[in-house]
Amino acid sequence: QQNFITAEQAVLDCEQNLSTLSAFTENHCLTQPLSKNIWLITSKQKPTIQVHVVLDEKSGIATRLNWRQSFE
């Protein structure tokens, strides 16, 4: 359960800082653009959590569309 909480916190941190992730030297997530302003954020830590977010270009605020636990 603690690993799940840690993975969720990492994804949340990446989600909140999506517009400035390139400035971070250590990143705990993988980010992938899916279409214009829609991103897939995946935690590097197990259990793997994935979230889809839409990024508002003007405000830089990311809004979570959905999330799931990814199973290998």
Mind checking whether [X] and [Y] sit in one hydrophobic cluster, side chains of I, L, V, M, F, W, Y counted as touching below 4.5 Å?
X   : Y   : answer
I61 : V53 : no
L30 : V11 : no
L34 : L65 : yes

Return the set of residues passing salt bridge (Lys or Arg N to Asp or Glu O under 4.0 Å) with K58 (not counting sequence neighbours), or none when no residue passes.
none

Trace of the salt bridge (Lys or Arg N to Asp or Glu O under 4.0 Å) decision for E8 with R64
CA-CA 13 Å; E8 171 61 28; R64 189 177 287 197; 3.2 Å; yes

Residue pair L18 / A62: nearest heavy atoms and the distance that separates them
CD2-CB, 4.5 Å

Q50 and R68: CA distance, side-chain angles, deciding distance, side-chain contact (heavy atoms from CB on, under 4.5 Å) verdict:
CA-CA 5 Å; Q50 294 181 325; R68 74 180 187 110; 2.8 Å; yes

side-chain contact (heavy atoms from CB on, under 4.5 Å) partner of C29, the single match among V51, D13, I41, L40
I41

Go through the steps to decide whether E57 and N37 satisfy the test side-chain contact (heavy atoms from CB on, under 4.5 Å), and finish with yes or no.
CA-CA 7 Å; E57 287 182 358; N37 300 329; 3.1 Å; yes

Residue pair E15 / W39, side-chain heavy-atom distance below 4.5 Å
no

Give a yes or no answer on whether the side chain of S43 reaches the backbone of I49 with a donor-acceptor pair at less than 3.5 Å.
yes

Go through the steps to decide whether T6 and Q45 satisfy the test side-chain contact (heavy atoms from CB on, under 4.5 Å), and finish with yes or no.
CA-CA 8 Å; T6 303; Q45 185 171 351; 3.1 Å; yes

After noting the C-alpha distance and the side-chain angles of W67 and H52, does the key distance pass the side-chain contact (heavy atoms from CB on, under 4.5 Å) rule?
CA-CA 6 Å; W67 76 272; H52 287 91; over 6 Å; no

Atom OG1 of T63 and atom CD1 of I38: how far apart are they, to the nearest 0.5 Å?
11.0 Å

